[in-house]
Amino acid sequence: MKEIKVYNVNLPLKVPFETSFGIQYSRNALIIEYSDVYNAYGESVTDDVPGYSYEDNITALHVIKDYLIEILKETLDPSEFVEKAKKIKGHNMAKSAIETMLWDLESKKKGISLKDLIGGEKEKIESGISIGILPMEKLIDTVKKSIDLGYKRIKLKIKPGWDIEVLREIRMNFGDIPLTVDANQAYEGKENKVLELDKFELLMIEQPLAENNMVGLSRIQKKLSTPICLDESIHSVKDAKTMLELDAGRIINLKIGRVGGLKESLEIVNFCGNNKIPLWCGGMLETGIGRAFNVILQSRMEFNMPGDTSPSDRYFEKDIIKKPFTMDKGYIEVPNGNGIGVEPDLEFIKKVGKIIFQQRL
Ligand SMILES: [Mg+2]
């Protein structure tokens, strides 16, 4: 009996995560479970608030149950699903939740790991840390602990007014560490302020301007010696092509949910490889399910910068998978079992969440 369940799981974050668009206290995730001969899983990277994009858990659930389930009744092939789902405009995160589950299913049916199915070669990936906005003393302490833990790169969330002084302080305390910043679009209308960040010798400045302001991004990239990295602006391989053509950024942060799933992600991976665009993988505070997809994607050789993928215990007291992701000297091992290679802890999932949708296919 083929069946889809959507669990709503709420995991408190060990430390609230503040960015230029708000503070998050817990990860309120939608977990997709397909059950039949094989069980397969996906995660919607949406959350309660449409702060990062226009999607949230309510819109994702609506799109899944009112539209995507109908497509699942027609096909369980990930590529066919993507084609058929094109009639639904946007809603990439909702689509990705289902599409990624189908990739897990596809590799389980073939009896291979998802890593092998997508041509991943790395056995472990480099881990960077993304640190939210914190009081200065706490920030310095967190950076110190992150360096001690072996993280390969430190990323700080910034916003106008929380930037120059912070970077000066971090450089003064820690010298020439691999350092980046992420503005989550907060400098829109304040282009000159971005230019002031150039002197800090950052690896990149991530998404300084609004996601749809490619012209503005191109204008400041031409004045900056620091590369701009695009995150929110990249919804498809087409956007990556626009970035390259306009020189609106020189590095890409890829997020599976933002681009609608693994198929589009792999097209971006190939495009970056072919055009020598540095590439890394971002994060959306995913539970172990979504995290598994991020880790596996990064086993592709085209990922040549440390991503934002931290071990589970950076965020949660207990993850919803039986063997949480751990980090050793800044590296996370890529799961090699069938499919995504992680086993959900269903008992724990039922304890911290509930089924909010269930339907036979
Ligand atoms: Mg970002």
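Whatever order the structure lists them in is the order used to number ligands and atoms, beginning at 1.
With salt bridges taken as basic N to acidic carboxylate O contacts below 4.0 Å, one links Lys144 and Asp148. Salt-bridge formation is not detected for the pair Asp198/Lys223: no Lys NZ or Arg NE/NH1/NH2 atom is positioned less than 4.0 Å from an Asp or Glu carboxylate oxygen.
Legend: protein N/O/S atoms lying under 2.8 Å from the Mg ion (ligand 1), waters omitted, number 3.
Other members of a hydrophobic cluster containing Tyr54 are absent, since no ILVMFWY side chain comes under 4.5 Å of it, directly or through relayed contacts.
Gly290 and Glu43 get closest at one heavy-atom pair: N-OE1, 2.8 Å.
For Asp345, the side chain to side chain contact (heavy atoms under 4.5 Å, CB included) test picks out Lys318, Lys322, Glu347, Phe348, with sequence neighbours left out.
A ring-ring contact (aromatic ring centres under 6.0 Å, His included) check over residues 303-327, counting only residues at least two apart or in different chains, returns nothing.
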